[in-house]
**Student:** 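Quick one: structure below, then a few questions.
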Amino acid sequence: MVPFHIDFVHVGFHYGELNIEDIMAFITEQKRTHYCTDLNISNKGEEVVLMGWIETRRDLGSMIFVDLRDRTGIAQVVFDPKLEGLADSKDLRNEFVVALSGIVNPRPEGMTNKSMKTGEIEIIVNKFEILSKAQTPPFKISDEKVGENLRLKYRYLDLRSKRLQDNLKLRHKVTSSVRNYLDAQGFLDVETPILYKSTPEGARDYLVPSRISEGEFYALPQSPQTLKQLLMIAGYDKYYQIARCFRDEDLRADRQPEFSQIDIEMSFVDQSDIQKMTEGLVKTLWKEFRGIEDVPIASMTYHEAMERFGCDKPDLRVDIELVDLANVVKGSGFKVFDDALAADGAVKAIAVSGCGEYSRGKLDKLTTLAKHHGAKGLVWIKSNKDSGELTSSVSKFFNAEKLEEIFNTVGAKKGDGVFIVADEYAKTCATLSALRLHLAKELNLLNASEDRFLWVTDFPLLDYDEDEDRWIAMHHPFTAPSDGDMDKMLSGSFNDIRKLKAKAYDLVCNGHEIAGGSVRIHRDEVQQAMFNLLGMSAEEIKSRFGFFIEALQYGTPPHGGIAWGLDRLIMILASTDAIRDVIAFPKTTKATDLMASAPSPVDTKQLDELHITLKS
RNA sequence: GGGGUGGUAGUUAAGUUGGUUAUAACGCUGGCCUGUCACGCCGGAGGCCGCGGGUUCGAGUCCCGUCCACCCCGCCA
C-alpha cells in the first residue's frame, strides 16, 4: 500500500476518493504507447495507451467526448459512461490527469475535424483511471486574453499552453542547434562560476554575502567576460558556454534580471574571423528555423548608423532615414535651429508617408514623445495629400520657398509629414530614432515578415559619463582599440579622446542587439592604460582586476569573442515581443517572481549567519 | 528615479452628467441530451468594484495617497 494521504479538503471534491492502488496498478501495467499527436489514421484499430490532461469535455449524456492534452498536443477520446469501468468518466473535469487505453478509430463520415492534427481519428476508451484530480483552474489554459499577472502567478498552468510549450520546444531546438554548430567547429563547452567577484564596472551586480568570510561578498556574473579570457590565456582556444548572467538593473520587455548568453571566445583570430563564425551560425539558424537560405547580413559603422538612423541598433525593416538639414537651415534666422547649430548640435529630420493628414492632437502627442526623449520640441511640416500644400508649426519663421526646400531636402513627397529636431547631436538622434520607430508602428510601415540583420562596427572606445564625470568603456574595458588608435592610446597623444575607435561589433536583428563582441586587449600594458583612461587608481586596478592584469603577463594569445543574447534570439525566432514568453519562469518588471513570491524576507537566524543586520 | 496604460464575479469585459437590488459572455454548479469539437437546452450559485483616506444626503464613478501588472525614458560596459 502506497501512502496516500492529503489532509486538507479542496472545494468540491476530496482527494481521498481516488483509489491509489488502482492508479498504481494502471500505470504499472499499462505503459504509455503514444503521445496524442503521434496518432493518425494509420493507427486504425490499434489499442493504445495515452496519458495526459483533460483540455475540455463535451458530455452528451450517454457519450462523452474529451480532448486529451499532452506535451505534443490534443487528441479526441470518446467515453461511453454506461460501459463497465467507465462510469467515472462523468466526473472528469478540466485539467484532471488521466491514463487510458482504447482503440484508435477513424471518425465517422463527415465527423472529421480539419483544424486538428489528429482530427481524422478518435480513441474509443475501454479502460481508464483518474490519476489526479485538479481544482478548477483560475483560467482556461488555452485562453490567450487572460492578464499576465495571473498567468505569472500560475506559471505552471500557463506553461501547459501550446504557446509556451511551442516556445520552450523552440528554445530547446535552437540551443541544440547552436551546440551542434559550435561543437562541429571544435568549440569546447566550459562552465564558469556563478559565485564570483564583483567588478563594479558597467551594470549593477547582484551580491551574495559570504557566511565564511565575514563582511565579504560574491557577485553573480554579469557575463563570464574575464573568465573566458582567462580560458584563452589557459590555452583553450575555442570556448563556448550557454551562460546564465545577472544584472541588477531595471527591466524592459526584452530584458530580465537573469538571462542566458551564448558566450563565445576564440584565440588567434581577428574581428573578421569572429564575424564569419557568427554569420555562419546566423545562417545555420535561419535556414533551420526560418527556412531561409543564406540570409543576408548588412554592415555599417557606428557613425553611419547614428547618421542614418540615429541609433546604434537600427531596425532596418523601417524604411525611414534621418536627413541632416544643417546646410539648408544654416543662418535661417530661426533661433531654435541657429542655436542648436551654434552649440555644435544638429538639425535633422525624417519624412514619414501618411503623416500629412495628422491632426493637431496627434502632432501634439508626437511632440510629447519627442520631449520624453530629451528634445526641447518638435518641428513639423505636413503636406496635404491632394493639393500638396504645406503647413507647418514654423510657417511664421520660414517663407513658402524655404519650407518647400526643407521638405524636398528631406525627400518628402505629397501627403508626407516631416519632423525636425534641433538639439545636441545625441538628443537629436535619439528623438528622431524613437519617432521613426513609433510612427512606423503606428502607421504599419514595418515589414514584419522578414528579419533584417546588421553588423554595427567601429564603435567609439569610450563614452563620457556625465553623472560620474569620467570616461567609461563603451563596450567594456577589455575591448581593444582599433589598430590605428592603439599607439595614441598608449602614449596618450590623442587630440580627441572621443575619436578613439574600438574593435567592437554588435549584431543587430530587427532593432534588437542580439549579439555583441570585441577583439580583446591581450597585452597587460594596454589593459593597464585602458584602466588608467577610465580614471581608476593603481589601487583600484589592483584590487578589482589585479589577478587579470597578472594573468595577461603569462603568455596571452590575441583573442576575441562575442556573446549572443539567447533569450532575445529565441524571442525573434518565436515571433514574440516579450522575453518572458521564451523563459520558463520569468520575473516581472519589478524583478519579482509572482508564483513563488521571490524575493522574500528571511529568518533573523539566516541573517545572523551572514553577519547582516537590516537597517530599520 | 520619472512618464504612460490598466486593476469591477473564477476569467474577459460593460457600467452614461455621482442616484433603486452593479451588467454580459465564458467558466463553475444541478438536471436533460448518442456525434460533439466554442456541443446544445433548462435551472442555480457566484462581488471588500485593488487597498487606504477624503468630498458628498449618496462614490464603481470625483479628489488625494498607496499597492500590483504591463509599456517607455533614465539605467542596462
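Note that this is a predicted model, so its numbers are computed, not measured. In the text below, chain A, chain B and the rest are named by the order of the sequence lines, each starting its count at 1. Note: hydrogens, waters and symmetry copies are ignored here, and every other heavy atom, side chains too, is used.
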**Student:** On the side chain of A:R107, is there an atom forming a donor-acceptor pair with the base of B:C37 - under 3.5 Å, no angle test?
**Tutor:**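 Counting by modelled atom types and ignoring angles, a donor-acceptor contact under 3.5 Å is found here.
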**Student:** So what does A:M474 hit on the nucleic acid, given a heavy-atom distance under 4.0 Å: a base, only sugar-phosphate, or nothing?
**Tutor:**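 Answer is sugar-phosphate: A:M474 comes under 4.0 Å of backbone atoms only.
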**Student:** Would you say the side chain of A:Q135 and the base of B:G10 hold a donor-acceptor pair, judged only by whether the two atoms sit under 3.5 Å apart?
**Tutor:**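 In this structure, the two groups form no donor-acceptor pair.
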**Student:** Please state how far atom CG in A:D467 lies from atom C1' in B:G1, giving the value in whole angstrom units.
**Tutor:** 12 Å
**Student:** Could you tell me how far apart A:L437 (CG) and B:C73 (P) are, to the nearest whole angstrom?
**Tutor:**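 Rounding to the nearest Å, CG of A:L437 and P of B:C73 are 10 Å apart.
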**Student:** Are A:E84 and A:K127 side-chain neighbours, meaning at least one heavy-atom pair lies under 4.5 Å?
**Tutor:** no
**Student:** Side chain of A:H373 only, heavy atoms from C-beta on: which candidate in B:C72, B:U12, B:C28 is closest?
**Tutor:** B:C72
**Student:** Ignoring the backbone of A:K145, work out which of B:U12, B:A69, B:C37 is nearest its side chain.
**Tutor:**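 Given the options B:U12, B:A69, B:C37, the side chain of A:K145 is closest to B:U12.
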**Student:** Does the base of B:C75 carry an N or O that pairs as donor and acceptor with the side chain of A:R247 under 3.5 Å?
**Tutor:**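 Donor-acceptor pair under 3.5 Å: no.
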**Student:** Within the structure shown, what part of the strands sits under 4.0 Å from A:L150 by heavy-atom distance: base, sugar-phosphate, or nothing?
**Tutor:**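 Sugar-phosphate, backbone atoms only, no base.
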**Student:** State plainly whether the residues A:D485 and A:K499 are in salt-bridge range, i.e. N to O under 4.0 Å.
**Tutor:**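 No.
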**Student:** Contact class for A:P477 (heavy atom, under 4.0 Å): base, sugar-phosphate, or nothing?
**Tutor:** base
**Student:** So what does A:G61 touch, heavy atoms closer than 4.0 Å: a base, only the sugar-phosphate, or nothing?
**Tutor:** base
**Student:** Ignoring backbone atoms, establish whether A:R58 has a side-chain N or O less than 4.0 Å from OP1 or OP2 of B:U36.
**Tutor:** no
**Student:** Roughly how many Å is it from CZ in A:R57 to P in B:U29, rounded to a whole number?
**Tutor:**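 So the CZ-P distance, A:R57 to B:U29, works out to 6 Å.
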**Student:** Tell me whether the side-chain N/O atoms of A:R93 come closer than 4.0 Å to OP1 or OP2 in B:U29.
**Tutor:** yes
**Student:** Classify the angle between the aromatic ring planes of A:F459 and A:Y302 as parallel (below 30°), tilted (30 to 60°) or perpendicular (above 60°).
**Tutor:**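 Because their plane-to-plane angle lies in the 30° to 60° range, the rings of A:F459 and A:Y302 count as tilted.
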**Student:** Please pick, from B:U36, B:C75, B:U11, the nucleotide with the shortest atom-to-atom distance to any side-chain atom of A:V146.
**Tutor:**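 Out of B:U36, B:C75, B:U11, the nucleotide with an atom closest to A:V146's side chain is B:U11.
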**Student:** When you check the phosphate oxygens OP1 and OP2 of B:G4, does a side-chain N or O of A:T368 lie under 4.0 Å from one of them?
**Tutor:** no
**Student:** If every non-hydrogen atom of A:M266 is compared with every non-hydrogen atom of A:I264, which pair is closest and at what distance?
**Tutor:** CG-CG2, 4.4 Å
**Student:** Does any nucleotide pair with B:G6 by Watson-Crick or G-U wobble geometry, both distances under 3.5 Å, and what is it?
**Tutor:**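 Result: B:C68.
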**Student:** When A:F128 is tested against each of A:V77, A:L92, A:V66 for side-chain contact (heavy atoms from CB on, under 4.5 Å), which residue passes?
**Tutor:** A:L92
**Student:** Is B:G47 paired to anything, Watson-Crick or G-U wobble with both distances less than 3.5 Å, and if yes, which nucleotide?
**Tutor:**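 Paired with no nucleotide.
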**Student:** Applying a 4.0 Å non-hydrogen cut-off, can you work out what A:T588 is touching in the nucleic acid: base, sugar-phosphate, or nothing?
**Tutor:**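 Touches sugar-phosphate only.
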**Student:** Base, sugar-phosphate alone, or nothing: which one does A:E148 contact when heavy atoms must sit under 4.0 Å apart?
**Tutor:**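 Result for A:E148 = sugar-phosphate.
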**Student:** Examine the base of B:G74 for any acceptor or donor lying under 3.5 Å from a partner atom in the side chain of A:D250, and report the outcome as yes or no.
**Tutor:** yes
**Student:** Are A:D250 and A:R255 ion-paired here, with the side-chain N under 4.0 Å from a carboxylate O?
**Tutor:** no
**Student:** In whole Å, what separates the C1' atom of B:G60 from that of B:C48?
**Tutor:**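 These two C1' atoms come out 12 Å apart once rounded.
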**Student:** Is the aromatic ring centre of A:F139 closer than 5.5 Å to the centre of the six-membered base ring of B:U11, with the two planes inclined by less than 30°?
**Tutor:**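 Taking the rule of under 5.5 Å and under 30°, the ring of A:F139 does not stack on B:U11.
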**Student:** So what does A:S142 hit on the nucleic acid, given a heavy-atom distance under 4.0 Å: a base, only sugar-phosphate, or nothing?
**Tutor:**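 Touches nothing.
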**Student:** In terms of side-chain heavy atoms of A:L594, which of B:A69, B:C72, B:U34 is nearest?
**Tutor:**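 The listed nucleotide nearest to A:L594's side chain is B:A69.
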**Student:** If you look at every strand shown and take non-hydrogen atoms under 4.0 Å, does A:S115 touch a base, only sugar-phosphate, or nothing?
**Tutor:**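 Answer is nothing: A:S115 stays at 4.0 Å or more from every strand.
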**Student:** Starting from P on B:U11, measure out to CD1 on A:I141 and report it in whole angstrom.
**Tutor:** 14 Å
**Student:** If you check every side-chain atom of A:H372, which of B:C37, B:G3, B:C72 has the closest atom?
**Tutor:** B:G3
**Student:** Determine whether A:C311 and A:L432 make a side-chain contact, defined as any pair of heavy atoms from C-beta on separated by less than 4.5 Å.
**Tutor:**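 With C-beta onward as the side chain, the pair stays apart.
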**Student:** Side chain of A:T589 only, please: which of B:C71, B:U34, B:G35 is the nearest?
**Tutor:** B:C71
**Student:** Measure from the side-chain heavy atoms of A:R255 and tell me the nearest of B:U34, B:C71, B:C75.
**Tutor:**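 The listed nucleotide nearest to A:R255's side chain is B:C75.
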**Student:** Quick check: do A:I141 and A:R69 have side-chain heavy atoms less than 4.5 Å from each other?
**Tutor:**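 Yes, at least one pair of side-chain atoms sits under 4.5 Å.
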**Student:** Just to be sure I understand the rule, does A:E109 reach a base, reach only the sugar-phosphate, or reach nothing, if contact means heavy atoms closer than 4.0 Å?
**Tutor:**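 Nothing, no heavy atom under 4.0 Å.
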**Student:** Counting side-chain heavy atoms from CB outward, which of B:C37, B:C28, B:A69 is closest to A:K590?
**Tutor:** B:A69
**Student:** Within this structure, what is the CG-to-P distance between A:N149 and B:A69, rounded to whole angstrom?
**Tutor:** 8 Å
**Student:** Looking only at side-chain atoms of A:D59, point me to the closest of B:C33, B:C75, B:G35.
**Tutor:** B:C33
**Student:** Return the value, rounded to whole Å, for the distance between atom NZ of A:K371 and atom C1' of B:G74.
**Tutor:**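 Result: 19 Å.
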**Student:** Please pick, from B:U36, B:A69, B:C72, the nucleotide with the shortest atom-to-atom distance to any side-chain atom of A:E122.
**Tutor:** B:U36
**Student:** Without decimals, in angstroms, what is the distance between A:L60 CG and B:G31 P?
**Tutor:** 16 Å
**Student:** Would you say the ring centers of A:F246 and A:Y196 fall short of 6.0 Å from each other?
**Tutor:** no
**Student:** Taking the nucleotide of RNA chain B with the nearest heavy atom to each, does A:A430 or A:K140 sit closer to the 5' end?
**Tutor:** A:K140
**Student:** For B:G15 versus B:G52, give the span between their C1' atoms, rounded off to a whole number of Å.
**Tutor:**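 Those two atoms are separated by 24 Å.
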**Student:** Counting only Watson-Crick or G-U wobble pairs whose two distances fall under 3.5 Å, which nucleotide matches B:C39?
**Tutor:** none
**Student:** Is A:G119 touching bases, backbone alone, or none of the nucleic acid, heavy atoms closer than 4.0 Å?
**Tutor:**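 No contact at all - A:G119 keeps every heavy atom at 4.0 Å or more from the nucleic acid.
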**Student:** Between the base of B:C37 and the side chain of A:N113, is there a donor-acceptor distance below 3.5 Å?
**Tutor:**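 In this structure, the two groups form a donor-acceptor pair.
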**Student:** For A:Q76 and B:C39, give me the distance from atom CD to atom P, rounded to whole Å.
**Tutor:** 11 Å
**Student:** How far, in whole Å, is B:A25 from B:C41 if one measures between their P atoms?
**Tutor:**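 Pairwise P distance, B:C41 against B:A25, rounds to 11 Å.
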**Student:** With a 3.5 angstrom cut-off on both distances, give the Watson-Crick or G-U wobble partner of B:U20, or none if there isn't one.
**Tutor:**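 No nucleotide pairs with B:U20.
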**Student:** So what does A:R151 touch, heavy atoms closer than 4.0 Å: a base, only the sugar-phosphate, or nothing?
**Tutor:**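 Here A:R151 touches no strand at all.
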**Student:** If the C1' atom of B:C63 is compared with that of B:A24, how far apart are they to the nearest Å?
**Tutor:** 31 Å
